[in-house]
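A, B, ... follow the sequence lines: proteins, then strands. Residue 1 opens every chain.
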Protein chains: 2
Amino acid sequence: MTAGRKRSFDEEVALEAAMQVFWRKGYSGASLTDLTQGMGINKPSMYSAFGNKEALFIRAAERYMARRAGTVLKYLDVSELSLRQRLEKTMQLIVTQQCDPDTPLGCLVVTSQGEVAGGDLPEKASELLDKMGNQTKQAFARVIRSAPEAQEKGLSERADVLALSLATTLRGTASMARAGVPYAELEPVIDCSLSGIGL
Amino acid sequence: MTAGRKRSFDEEVALEAAMQVFWRKGYSGASLTDLTQGMGINKPSMYSAFGNKEALFIRAAERYMARRAGTVLKYLDVSELSLRQRLEKTMQLIVTQQCDPDTPLGCLVVTSQGEVAGGDLPEKASELLDKMGNQTKQAFARVIRSAPEAQEKGLSERADVLALSLATTLRGTASMARAGVPYAELEPVIDCSLSGIGL
DNA sequence: TGCCATCCTTACCGAGCGGTACAATCTCTG
DNA sequence: CAGAGATTGTACCGCTCGGTAAGGATGGCA
């Protein structure tokens with residue numbers, strides 16, 4: 001078995017490159033030409049390896065959450081830190097990523113979801129983006145609900161509302177970052193946001 | 001003079017319709033077919049009346065700011081209300097608009113600006129969106145800087161930072177609204193945001 | 001070496017894009 | 001009523017879109 005010509009590209013490397021293109025240009029904005037050029041392969045290769053544009057986007061978005069957003073959310077469970085410190089550190093890392101000039105500005109999920117309402121996005125991809133958009137909020141809600149400090153201050157019952165407030169702030173910073181606002185200006189916004197929910 | 005066939009459509013009505021299409025689908029997402037269909041005219045009519053797609057978008061965006069966002073910002077100067085009340089009322093009106101099911105979800109400026117970084121948008125339109133995106137923030141900064149309550153609390157020197165925080169929240173709610181989050185869930189976010197800047 | 005499965009390259013498909021040429025249609029002026 | 005002038009509808013332009021068919025290039029295995 002396993003006869004035949006070998007692949008001339010690494011699927012993981014190509015997927016990483018595709019993710020960056022989607023991140024920079026969104027789903028509709030990223031043409032097959034943009035994608036295959038960034039991936040260093042041509043269309044039939046990408047088609048046989050990933051299926052089609054939508055499937056490639058879904059793989060790329062899953063990779064984005066796993067590699068970028070996912071690793072950051074681990075800081076929420078560092079038990080030596082206070083709730084405030086954990087949330088602050090996590091949000092700082094996310095906004096730093098949004099503003100990092102070495103990667104595309106903003107957030108892949110937020111940017112792509114902006115295209116959803118117009119009907120430009122396939123349904124499967126749209127549902128995935130919804131789920132990913134809620135993931136951060138749910139992680140915040142979980143850690144707020146279970147933190148002793150929050151229970152003392154009576155914040156736990158409102159955990160969902162407060163988490164939505166933080167998640168909304170991060171969507172705002174993603175939009176600001178994409179418009180070119182630097183991290184230095186956005187950092188105080190995190191502080192305000194945390195103060196606003198009583199931390 | 002003034003000979004020739006009469007226009008069969010009202011330019012203001014057509015522009016309002018075009019604005020709604022751009023609002024719903026963004027700049028790139030709105031095709032000429034979408035636009036002319038929504039406006040109830042055909043392509044040569046729109047071309048002779050507005051020039052081209054970019055010029056139409058600029059007119060539509062200016063109308064959006066003047067008719068939608070602009071009228072709301074007037075509430076910032078109602079001197080009978082406290083600073084907190086004025087900001088809260090204004091933000092509530094903006095978020096209400098973002099969530100209004102009778103108009104497209106979210107904010108035309110925020111949605112369209114998400115497409116900028118990809119290079120899909122002409123430069124003139126991009127600059128205009130930048131200016132409009134800052135308009136709200138600057139209005140907030142102005143009213144915070146000049147409010148006696150803010151001066152007492154020492155907030156005036158940080159007016160720009162605090163205004164950015166509020167503007168960031170509103171970009172976040174625009175993104176949330178576009179993803180389908182209803183006003184009832186977003187309203188408490190406004191309260192958190194204002195508490196967060198010390199009001 | 002010969003076979004064959006797999007991949008890469010080129011060239012192409014139908015559809016939709018933004019934009020326009022042209023002629024038919026309408027309306028006001030002389 | 002004749003004719004000039006502006007707007008209309010139709011049909012089309014070159015281009016790019018996502019996606020694919022066909023054949024040459026490359027490899028493992030007998």
Side-chain angles (χ1 to χ4, degrees), chain A residues 1-15 17-19 21-22 24-61 112 115-116 118-126, chain B residues 1-15 17-19 21-22 24-61 112 115-116 118-126:
Chain A
M1 54 176 112
T2 74
R5 185 173 174 174
K6 270 198 259 180
R7 252 196 198 139
S8 68
F9 64 94
D10 183 329
E11 192 170 309
E12 292 297 310
V13 172
L15 185 56
M19 184 197 76
V21 175
F22 280 128
R24 191 175 323 114
K25 314 194 84 166
Y27 179 81
S28 312
S31 71
L32 278 195
T33 304
D34 293 331
L35 289 163
T36 53
Q37 212 155 317
M39 300 163 85
I41 64 181
N42 35 32
K43 284 189 281 185
S45 294
M46 114 72 186
Y47 190 81
S48 82
F50 299 99
N52 59 14
K53 186 181 177 183
E54 178 181 6
L56 176 63
F57 177 77
I58 289 175
R59 291 275 307 270
S112 301
E115 304 174 307
V116 172
D120 273 346
L121 236 102
E123 194 170 357
K124 285 276 178 59
S126 169
Chain B
M1 55 177 111
T2 73
R5 185 170 174 176
K6 271 199 272 185
R7 274 229 169 103
S8 68
F9 63 95
D10 183 329
E11 193 169 308
E12 292 297 311
V13 172
L15 185 56
M19 184 198 76
V21 175
F22 280 127
R24 191 175 321 114
K25 314 194 88 169
Y27 179 80
S28 313
S31 72
L32 278 196
T33 305
D34 293 330
L35 289 164
T36 53
Q37 213 155 315
M39 300 164 84
I41 63 181
N42 37 31
K43 285 191 279 185
S45 294
M46 115 73 185
Y47 190 81
S48 83
F50 299 99
N52 59 15
K53 186 182 177 183
E54 178 181 5
L56 176 63
F57 176 77
I58 289 175
R59 292 275 308 269
S112 301
E115 304 173 307
V116 171
D120 273 346
L121 235 101
E123 195 170 354
K124 286 277 177 60
S126 170

Roughly how many Å is it from [atom1] in [X] to [atom2] in [N], rounded to a whole number?
X	N	atom1	atom2	answer
Met46(B)	dT20(C)	CE	C1'	12 Å
Lys43(A)	dT16(D)	NZ	P	12 Å
Tyr47(B)	dC22(C)	OH	P	15 Å

Determine, stepwise, if the pair Asn42(B) / Thr36(B) fulfils side chain to side chain contact (heavy atoms under 4.5 Å, CB included).
CA-CA 5 Å; Asn42(B) 37 31; Thr36(B) 53; 5.5 Å; no
Just by distance, do the side chain of [X] and the backbone of [Y] share a donor-acceptor pair under 3.5 Å?
X	Y	answer
Lys53(B)	Ala30(B)	yes
Glu115(B)	Tyr27(B)	yes
Lys124(B)	Glu54(B)	no
Ser126(A)	Pro122(A)	no

State whether Glu11(B) and Arg59(B) are salt-bridged, where the test is any N-O pair (Lys NZ or Arg NE/NH1/NH2 against Asp/Glu carboxylate O) under 4.0 Å.
yes
Where along residues 30-37 of chain B does a heavy atom fall under 4.0 Å from DNA chain D?
none
Note: contacts of residues 50-61 of chain B with DNA chain D (heavy atom, under 4.0 Å) are none
Please walk me through it: do Met39(A) and Leu15(A) pass side chain to side chain contact (heavy atoms under 4.5 Å, CB included)?
CA-CA 7 Å; Met39(A) 300 163 85; Leu15(A) 185 56; over 6 Å; no
Tell me if the CD atom of Glu12(B) is crowded by more than 12 foreign heavy atoms within 6.0 Å.
yes
Leu35(A) vs Met46(A), test: side chain to side chain contact (heavy atoms under 4.5 Å, CB included). Steps then yes/no.
CA-CA 9 Å; Leu35(A) 289 163; Met46(A) 114 72 186; 5.9 Å; no
When rounded to the nearest 0.5 angstrom, what distance separates CG in Asp34(A) from CZ in Phe22(A)?
9.5 Å
Could you write out each protein N or O paired with an N or O of nucleotides 1-8 of chain C at a distance under 3.5 Å?
residue: dT6(C); atom: O2; partner: Arg5(A); partner atom: N; Å: 3.2
residue: dC7(C); atom: O2; partner: Arg5(A); partner atom: NH1; Å: 3.2
residue: dC8(C); atom: OP1; partner: Ser8(A); partner atom: N; Å: 3.0
residue: dC8(C); atom: OP1; partner: Ser8(A); partner atom: OG; Å: 2.9
residue: dC8(C); atom: OP2; partner: Ser45(A); partner atom: OG; Å: 2.9
residue: dC8(C); atom: O4'; partner: Arg5(A); partner atom: NH1; Å: 3.4

